[in-house]
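Just so it is clear: chains get the letters A, B, ... in the order the sequence lines come, proteins before strands, and each one is counted from 1. Remember, predicted model here, so these are calculated numbers, not experimental data.
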Amino acid sequence: MSSPRTAGLAVLRRPRAPAAAGLLTLGVLAIAWPQLVGSSALFFWETTVIAVLFATSVNLLFGGGRIPSFGQAAFYGAGAYAVAEAASRSWPVPLALLLAVVVAGALAMVTSLITWRAAGLAFAMLTLAIAQAIYTLVVQVSWLGGYNGIPGISVPALAGINFYNPANLWYLDVVCVAIGMLVFWRVMHSPFGHTLNSIREDPVRAAFLGVNIRAYRAVAFTIAGCGAGLAGGLFAYVNQVVTPDSLYWTQSATPIIMLLLGGITYYWGPAVGAVLLSALLNYLTQATTNYLLYIGLLLLAVLIVMPRGLLSLPTVVSDLWSRGRVASGSRSSGARTGLVPVGSSTDTVAMPGEQDQENPP
Amino acid sequence: MSGDPSAVEVRGVVKRFAGNLALDDVSLVIPAGQLHAIIGPNGAGKSTLFGVIAGEHRPDRGTVWVAGRDVTRIAAHRRVRAVGVARAFQVARIFPEMSVRQNVAAAVIAANGSARQFWRVKPLRVASVVADEALERLSLVPVAGRPARALSQGDRKRLEIAMALVLRPRLLLLDEPTAGMSPEETAATVELIRGIWSLGGLTVMLTEHDMQVVFDLAQQLTVMDRGHVLCSGEPETIRGRDDVREIYLGRAHGAA
């Protein structure tokens, strides 16, 4: 029986050689990418790695703690507007991005306090409502540019590096996303992440282990908000324009589709989903106006065949394989028999020594 | 021992669920260090009583004292560390997608406070070592790496007890610890509970339908019926009471 690896399921093991090799490959690819794809395609890839970070931050909530937020656009947009404002004042890049993280994180913290007592569907609706309220507010604020947003964002030179060079902007983007991804990896594999996973699995059990589940959910929500803020801030630099679109509810929904495609129980699931969806959207929007139909059909197909997302493909295949072997005569796996609830023997009530009581001493 | 505060004191607790009286003016004192069983037919209020003591339910009236402290208004998760309450459920609550070892590790980090750390990975490795020691005591080592959902009902219950024990409780609440177990598993669980309790410093409360288990284990019994405490006392005294036999034998005949 092969078990799917949930985020944080491998926490108790040390990193192994294949992981190091994989990361090294990613690093080499990131360095060579501007040469490999050419500068005209670079914008697409810059926005794609931003989507990777955003989706991963959202997955701390969905995969990590089963916290269904439909309002992450608020924090993404907050980060984007923070950088737009900072850039118009020529703040240095690290300071502007820090501002994006802090503003988004603070907004997320306030949201988590407002939604403190809510869970499940009520929480989802509240986050959606709060994010849409912020969107409506921002389009009416003149100093944020209303519907037109803030155009003409430029990246000030950093330590003599000029970001008018597209490759340099890509490197800035990739380094910041890598830092963000590292932070989320650590958080998901920390004791905090493990505790968040336990809340996902059974909040009642976690509470009776002494875990303040509302506080953990709020902290996770704040950390995810910081990640969304960094992604939004980077997007402001890459896109050079920030509009209220970055706050609109579709901006909250896109990363959710990404992590469902890739698989919410995997650390790399949202990343895979982000690259796939970005590539598909990029291709399909040029080819057809019905692109949403094809995206919907794809999502449907993936979720029917692989409910745990694309990264569960090896598990799905090996399960099919072992099911075939079971059908050909061998014993069924422990996992399947374990899923059958065993009825408790609470109906039969009998005092011991009933016979004795008929002849009391 | 007379100087110690009682492990549990329930004073005049009333609890209603949608108009139904689950607990009707229940009072109960359990001395520290006792192994105490609550018995009674289905719907007697045993699980509700546990819920009130553990903090799952807040009583409509009355107070709950644990280790000499009024915990009536203390949230469940705070009671775990404030007064050392640990709990196992009638249907074992575990973290199904985590491995058995990780289930216990989650309890370890919750108990030692390292659960708050969101950057250092090391406390989790330490926790897995502590978890292995607990799994050893409950002979769950062979399944330590398996996902908890793959366990048998009996092993799930033992896993839950392992998680409760790493909290280092002073009061352990076991709701039907042998429900759904084979006779062999039941016998092993009785020995396990006796072993844990005999190490000392621990008050154990359990509900149980298997009267053999109750009479094997309990020093004192409390009999509940329809939200009331009918009587408390030593097993031999309880066994001889007509009203207790009425509840069990009378109902059993009625149902048959």
Side-chain angles (χ1 to χ4, degrees), chain A residues 1 3-4 6 8-9 11-14 183 186-202 204-216 219-220 223 265 333-354 356-357 360, chain B residues 41-42 54 56 75-78 80-81 86-87 89-91 93-99 101-103 105-107 109-111 114-121 123-125 127-128 146-147 149-153 160 163 167 176 179-180 209-212 215 239-240 244-245 248-249 251-252:
Chain A
M1 194 220 65
S3 71
T6 52
L9 203 74
V11 284
L12 304 173
R13 296 181 204 129
R14 287 164 190 280
V183 169
R186 289 294 293 235
V187 169
M188 286 172 188
H189 294 78
S190 69
F192 173 85
H194 193 65
T195 307
L196 195 63
N197 290 163
S198 75
I199 295 170
R200 168 193 74 198
E201 302 278 298
D202 189 336
V204 175
R205 177 71 271 171
F208 281 102
L209 293 178
V211 174
N212 186 348
I213 54 176
R214 283 177 181 149
Y216 276 80
V219 171
I223 295 172
T265 54
S333 74
R336 291 225 163 62
T337 53
L339 283 171
V340 179
V342 179
S344 67
S345 59
T346 53
D347 322 315
T348 49
V349 177
M351 296 284 276
E354 274 169 24
D356 301 340
Q357 286 174 1
Chain B
N42 286 331
E56 186 183 2
H77 70 266
R78 292 197 200 287
V80 174
R81 283 214 262 170
R87 176 177 198 197
F89 290 82
Q90 194 170 336
V91 177
R93 300 197 84 121
I94 49 165
F95 305 128
E97 295 298 324
M98 289 185 177
S99 75
R101 179 182 290 116
Q102 287 174 339
N103 267 264
I109 57 176
S114 64
R116 293 201 184 102
Q117 301 202 12
F118 53 79
W119 192 251
R120 291 176 62 221
V121 179
L124 211 45
R125 292 208 197 102
S128 85
R146 297 178 68 184
R149 65 180 149 78
L151 295 186
S152 70
Q153 193 69 3
E160 212 186 16
M163 291 162 83
L167 303 177
E176 300 207 15
H209 273 95
D210 186 334
M211 288 305 132
Q212 197 60 54
F215 285 95
R239 200 197 294 239
V244 175
R245 294 177 63 190
Y248 278 90
L249 302 177
R251 294 275 170 79

Check your understanding: For the side chain of B:Asn103 and the backbone of B:Ser99, is there at least one donor-acceptor N/O pair under 3.5 Å apart?
Key ->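 Pair found, side chain donor or acceptor close to backbone of B:Ser99.
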
Check your understanding: Rounded to the nearest 0.5 Å, what separation is found between the CD1 atom of B:Ile109 and the CZ atom of B:Arg116?
Key ->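 It is 11.5 Å, given to the nearest 0.5 Å.
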
Check your understanding: When you check the gap from the basic side-chain N to the acidic O, do B:Arg87 and B:Glu56 get nearer than 4.0 Å?
Key ->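 Yes, this pair counts.
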
Check your understanding: What option among A:Val211, A:Asn212, A:Ile223 has the most heavy-atom pairs under 4.5 Å with chain B?
Key ->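 Of the options given, most contacts go to A:Asn212.
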
Review point. Quick one: of A:Thr195, A:Leu196, A:Asp202, who has the most non-hydrogen atom pairs under 4.5 Å with chain B?
Key: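 Heavy-atom pair counts peak at A:Asp202.
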
Check your understanding: In terms of heavy-atom pairs under 4.5 Å, which option from B:Ser114, B:Ala54, B:Pro123 contacts chain A the most?
Key ->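 If we count pairs closer than 4.5 Å to chain A, B:Ala54 comes out on top.
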
Review point. Of all of B:Arg93, B:Arg81, B:Met163, which one pairs up most often with chain A through heavy atoms under 4.5 Å apart?
Key: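 Looking at each option in turn, the highest pair count goes to B:Arg93.
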
Exercise for review: Using the six-membered ring wherever Trp is involved, compare the ring planes of A:Phe208 and B:Phe89 and label them parallel, tilted or perpendicular (cut-offs 30° and 60°).
Suggested key: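 If you compare the ring of A:Phe208 with that of B:Phe89, the planes turn out perpendicular.
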
